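This report refers to the structure that appears directly beneath it.
Below, chain A is the first sequence line, B the second, and so on; all start at residue 1. Note that the structure is a prediction, hence the values are computed from the model and not measured. What you see below is based on every heavy atom in this structure, not just the backbone, and it leaves out hydrogens, waters and symmetry mates.
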There are 2 protein chains.
Amino acid sequence: MSNWKKRLSAEGFRITASRRAVMDVLLATSVPLSPREILEQGRRVHRKLGLVTVYRTLALLEHLRCVRRVHREDGCRGYLPCSPGHSHALICRQCGRAAEFQGFADLQALIARVEEATGYQVDDHLLQLSGLCLDCQS
Amino acid sequence: MSNWKKRLSAEGFRITASRRAVMDVLLATSVPLSPREILEQGRRVHRKLGLVTVYRTLALLEHLRCVRRVHREDGCRGYLPCSPGHSHALICRQCGRAAEFQGFADLQALIARVEEATGYQVDDHLLQLSGLCLDCQS
DNA sequence: CCCTTAATGAAAAGTTTTTTCAACTACAGT
DNA sequence: ACTGTAGTTGAAAAAACTTTTCATTAAGGG
Ligand SMILES: [Mn+2]
Ligand SMILES: [Mn+2]
Ligand SMILES: [Zn+2]
Ligand SMILES: [Zn+2]
């Protein structure tokens with residue numbers, strides 16, 4: 001049983017055909033998918049999947065930190081699977097392929113300086129990189 | 001004549017009452033405003049301002065880098081005025097007050113390492129911090 | 001196998017954003 | 001100033017997106 005399903009069960013959520021369909025789609029993608037795209041792909045394995053359930057499942061998976069939402073110029077609802085622990089997304093602006101990376105110490109240093117300069121107490125951040133993946137560079 | 005208006009003229013765009021209204025609202029805010037909020041405030045000075053024009057003016061100002069879009073859990077269409085040059089937004093999660101900060105060298109270092117690790121050629125980034133402003137810490 | 005109750009999906013409602021198009025007006029040229 | 005033209009506007013309609021409702025289904029513990 002996949003990690004995600006374990007997490008759902010552990011938190012008292014039921015494993016349903018609809019949720020499995022959504023999870024299967026997300027686990028298989030390397031490109032951010034919109035709710036509508038997830039619906040379309042999900043229906044290939046679970047015919048009666050509904051869009052409402054896609055939204056609900058995405059909210060749930062996001063809450064459990066199984067997926068992350070990607071923000072782009074042309075839409076802020078691209079969903080990607082994400083590894084456990086803190087990481088950020090790097091998206092190819094050509095083909096959409098996503099990679100993950102860690103925030104290392106640089107960010108902590110930057111944040112410390114920003115706190116110093118502004119007086120704000122920083123407790124969250126949104127960091128996303130974009131560029132060209134190896135394939136799209138040629 | 002304000003900086004923004006100069007920039008509009010310079011690029012061949014006309015200075016209209018509607019655009020002035022939207023710009024006035026944006027120049028005066030320290031909190032990200034949604035198109036609808038901009039419409040409401042803008043109508044206080046230009047009665048017949050329409051929502052469509054708010055959207056169009058925002059797209060224009062964003063293109064000219066006079067305003068930036070802020071992404072949040074509860075909506076990715078908050079608009080803020082932004083200073084010339086490269087900077088990022090820092091938002092108070094309590095009262096919404098925004099501050100700007102520069103990306104310094106830390107980010108370059110981080111990006112270099114990410115390029116090294118992933119093979120991607122990074123050419124853009126989205127960075128936003130959030131936390132509590134000085135007032136909201138007490 | 002029941003039973004309880006979480007979960008689902010169709011439809012409706014509510015929102016947000018874009019497209020259309022006739023009317024308007026900023027402003028360059030006279 | 002006056003005029004012509006092309007950029008701009010706003011109402012309305014269309015399209016797209018997201019949430020709510022509610023009767024029905026089915027997961028999974030007992
Ligand atoms: Mn981070
Ligand atoms: Mn930057
Ligand atoms: Zn690529
Ligand atoms: Zn505050």
Counting heavy atoms from C-beta on, name the nucleotide in [options] closest to the side chain of [X].
X	options	result
B:H46	C:dT17, D:dT18, D:dG10	D:dG10
B:L51	D:dT19, C:dA10, C:dT17	C:dT17
A:V52	D:dT18, C:dG9, D:dG10	C:dG9
B:R19	C:dT17, D:dT9, D:dT18	D:dT9
A:K48	D:dT18, D:dT9, D:dA26	D:dA26

Calculate the interatomic distance between [X] atom [atom1] and [N] atom [atom2]; express it in whole Å.
X	N	atom1	atom2	answer
B:D74	D:dT18	CG	P	14 Å
A:L61	C:dA7	CG	P	12 Å
A:R43	C:dA10	CZ	C1'	10 Å
A:R20	C:dT8	CZ	C1'	14 Å
A:H63	C:dA7	NE2	P	12 Å
B:L60	D:dG7	CG	P	14 Å
A:E11	D:dA27	CD	C1'	18 Å
B:Y79	C:dT17	OH	C1'	10 Å

Between [X] and [N], is there a contact of a side-chain N or O with OP1 or OP2 at under 4.0 Å?
X	N	result
A:K5	D:dA27	no
A:R36	D:dA16	no
B:R77	C:dT16	no

Would you call the rings of A:H125 and A:H88 parallel, tilted or perpendicular if under 30° counts as parallel and over 60° as perpendicular?
->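 Tilted, since the angle between the ring planes falls between 30° and 60°.
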
What heavy-atom pair brings [X] and [Y] nearest, and what distance separates the two atoms?
X	Y	value
B:A89	B:V70	CB-CG2, 4.5 Å
B:D123	A:G131	OD1-CA, 3.3 Å
A:L110	B:G103	CD1-O, 3.8 Å
B:E37	B:P32	OE1-O, 3.9 Å

Please work out if B:R56 contacts a base, only the sugar-phosphate, or nothing of the nucleic acid, heavy-atom cut-off 4.0 Å.
->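 Base contact - B:R56 has a heavy atom under 4.0 Å of at least one base atom.
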
Examine distances only and state if a side-chain atom of B:R72 and a backbone atom of B:G78 form a donor-acceptor pair shorter than 3.5 Å.
->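 Side chain of B:R72 to backbone of B:G78, a donor-acceptor pair under 3.5 Å: no, none is there.
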
Under the 3.5 angstrom rule, does the side chain of A:R69 hit a backbone N or O of A:E62 as a donor-acceptor pair?
->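 Not at all, since once roles are kept as given, no pair shorter than 3.5 Å links the two residues.
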
Got a list of protein N/O to nucleotides 27-30 of chain C N/O distances below 3.5 Å?
{"from": "C:dC27", "atom 1": "OP1", "to": "B:I15", "atom 2": "N", "distance (Å)": "3.0"}

